[in-house]
Amino acid sequence: MPRDRARGMLPPVSTAFVGRVGELEQLVTMLDRSLGGRGEIALVSGEPGIGKSRLVEELAIRAQARGVRVSWGRCWELGSAPADWPGIQILRELGAEGELAPPPLVAQLIGGSDALPERFELFDACARFIVAASQREARLFVLDDLHAADTASLLLLAFVVRQLRAARLSIVGTYRAAARAARPAQKELVATIGREARAVALGGLTTAE
């Protein structure tokens with residue numbers, strides 16, 4: 001991923017946005033609802049190269065035009081990343097923006113206990129921190145490659161999703177359905193999150209497009 005995207009800025013877009021009118025409309029509707037204080041999550045699925053990231057980049061452009069701050073997190077597909085990596089990226093960015101004391105949360109995520117009670121309290125604290133930040137400034141979180149997410153990342157996302165109805169926050173995750181199906185340990189968690197989400201499935205473009 002380009003370094004500027006990891007800081008929440010959009011990378012230069014070198015191709016025109018073609019098609020996907022209905023899909024983009026769904027995502028913009030979700031974004032506008034979040035500006036009114038009712039956050040939502042959408043999951044964008046499709047095969048590699050089908051245009052998932054390009055669709056979300058177009059949404060991010062529209063979000064920034066509405067005064068929404070955009071943050072990007074990406075699941076690491078090559079292994080060795082710490083647990084909760086997408087959440088760590090976003091919490092670090094919030095801290096760089098001057099939000100209230102996220103470094104302890106980041107440190108706890110990186111070195112946190114696997115014991116369920118401690119993990120539950122940590123995820124709850126992260127979710128409350130993120131929601132509070134969104135109440136001060138409307139936000140869009142983009143989570144790329146959720147099919148590669150570890151269990152801890154998905155559990156944290158599930159915590160945040162449960163609190164979206166009181167947040168000025170939209171979350172969009174992208175994933176490859178075939179890759180997710182190959183990871184049964186995470187499949188059920190994605191399905192659980194998906195029950196709260198708008199499903200946006202991308203197919204091929206039409207001949208005219």
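Numbering of residues begins at 1 and proceeds along the displayed sequence.
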Rounded distance [0.5 Å steps], [atom1] in [X] versus [atom2] in [Y]:
X: Ser153; Y: Leu189; atom1: OG; atom2: CG; answer: 10.5 Å
X: Gln135; Y: Ile130; atom1: CD; atom2: CD1; answer: 12.5 Å
X: Ser34; Y: Arg165; atom1: OG; atom2: CZ; answer: 14.5 Å
X: Leu59; Y: Glu57; atom1: CG; atom2: CD; answer: 11.0 Å
X: Thr151; Y: Asp84; atom1: OG1; atom2: CG; answer: 10.0 Å
X: Arg20; Y: Leu27; atom1: CZ; atom2: CG; answer: 11.5 Å

Grouping I, L, V, M, F, W and Y whenever their side-chain heavy atoms are under 4.5 Å apart, do [X] and [Y] come out in a common cluster?
X: Leu164; Y: Leu155; result: yes
X: Ile88; Y: Val161; result: yes
X: Phe141; Y: Phe129; result: yes
X: Val70; Y: Val56; result: yes
X: Val106; Y: Leu143; result: yes

Using a strict cut-off of less than 4.0 Å between a Lys/Arg side-chain nitrogen and an Asp/Glu carboxylate oxygen, indicate whether Glu40 and Arg198 qualify as a salt bridge.
yes

Any salt bridge between Asp124 and Arg119, counting N to O under 4.0 Å?
no

Given 3.5 Å as the limit, does a donor-acceptor pair link the side chain of [X] with the main chain of [Y], or not?
X: Asp150; Y: Ala152; result: yes
X: Gln89; Y: Arg74; result: yes
X: His147; Y: Arg176; result: yes

Which heavy-atom pair separates [X] from [Y] by the least distance, and what is that distance?
X: Leu31; Y: Ser170; value: CA-OG, 3.6 Å
X: Glu23; Y: Ala201; value: OE2-O, 4.4 Å
X: Gly87; Y: Leu156; value: CA-CD2, 4.1 Å
X: Pro86; Y: Cys75; value: CG-SG, 3.6 Å
X: Val172; Y: Val44; value: CG1-CG2, 3.8 Å
X: Ile41; Y: Met30; value: C-SD, 3.8 Å

Check whether any side-chain heavy atom of [X] lies under 4.5 Å from a side-chain heavy atom of [Y], and answer yes or no.
X: Arg69; Y: Gln64; result: no
X: Glu196; Y: Ile193; result: no
X: Asp145; Y: Tyr175; result: no
X: Leu109; Y: Cys126; result: yes
X: Arg168; Y: Arg139; result: no
X: Val160; Y: Leu169; result: yes

Count the heavy atoms of every other residue, nucleotide or ligand shown that sit under 6.0 Å from CD of Glu47, and state whether that count exceeds 12.
no

Return yes when atom CZ of Arg66 has more than 12 non-hydrogen atoms of other residues, nucleotides or ligands closer than 6.0 Å, and no otherwise.
yes

Residues two or more places apart in sequence or in another chain: which of them pass ring-ring contact (aromatic ring centres under 6.0 Å, His included) with Phe159?
Phe120, Phe123

Can you see whether Asp32 engages Thr29 through a side-chain donor-acceptor pair at a distance of less than 3.5 angstrom?
no

Just checking, any donor-acceptor pair under 3.5 angstrom between side chains of Thr174 and Asp144?
yes

